Amino acid sequence: MTNRTKVLFLFLAMLGAISVRAYAQQKTSEKISPKERWAFETNAMDWLLLLPNPKVEFDLSSSTDNRWVVGIGAKWNGNAKISMNERIQMKINDYRLEVKRYAKPSFTVKTGQSRIPKFWRTYYWGFYAGYSKFAGAWGKGIAGDMFHAGLTGGWQLPVYKCKQGAIDLDLGLSVGAAYAEYDKYKYEDNHLIRTKSRDRHFLPYPVVSDIRVGFVYRFSSIRNKYSQRQK
């Protein structure tokens, strides 16, 4: 069994276990409408790099007690193949799956407590697995691909209420392990020259695969969607 297959198998097994739990919740709880189970996101940080990046999330059940969601996203700005005649270039193709759990802060105010609970903030944590292909150069360059998996986390805040739906702000980070192969280049005599090649291997350090300052459109704002009464 290859490492790629092992990562995929573990991710699907985890998703299956969470789906069973969500289904059990659905049988004993109130329901939300089908459209309220969807969320659509884009990351402003990636747009600064001229990198389109749609993402969609879907609640694993229609129960009001559900906090688990599954998401799929992509980043793509063209063929991620190194161009030997371009000194400056940045090309990324990234595809990933996520499973996340949302959680509200406690609304309980203890005796003598002066700080009001941040009821408008919703935290989340979860897992992701993905594949990326990349090519970048600025005098020196690197091009290759990698399989990666790890943890994701952050929080979301309500920003704007639309006539039908709402826009929320997503601030988060994804960090994990990577199994990569790549070539390194340097710019010389008006073109790139390959200087080093590495076969596929696990990188000896964690990789930050996503920094998010994103905007999420929902039919029900994050302010109201995952209520504190959930257990």
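Source: prediction; values computed, not measured. Hydrogens, waters and symmetry mates are skipped; everything else that's a heavy atom, side chains included, is used. Starting from 1, each residue takes its place in the sequence as its number.
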Are the side chains of [Y] and [X] in contact, using a 4.5 Å heavy-atom criterion?
X: R218; Y: S221; value: no
X: K81; Y: K133; value: no
X: E98; Y: V70; value: no
X: L49; Y: W47; value: no
X: W138; Y: Q89; value: no
X: F40; Y: E57; value: no

T42 OG1 to N53 CG distance, which is reported to the nearest 0.5 Å = 3.5 Å

Among T152, D46, N43, side-chain hydrogen bond (donor to acceptor under 3.5 Å, both in side chains) partner for R212 = T152

Does the side chain of D94 pick up a donor-acceptor pair with the side chain of Y131 at under 3.5 Å?
->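 No donor-acceptor contact under 3.5 Å links the two side chains.
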
For K75 and D210, what are the C-alpha separation, side-chain angles and deciding distance, and is it a salt bridge (charged side-chain N to carboxylate O under 4.0 Å, His left out)?
-> CA-CA 11 Å; K75 305 175 185 180; D210 199 24; 2.8 Å; yes

Can you check whether M146's main-chain N or O pairs, donor with acceptor, with H148's side chain at less than 3.5 Å?
-> no

Knowing that exactly one of W155, Y102, W68 qualifies, which makes a ring-ring contact (aromatic ring centres under 6.0 Å, His included) with W125?
-> W68

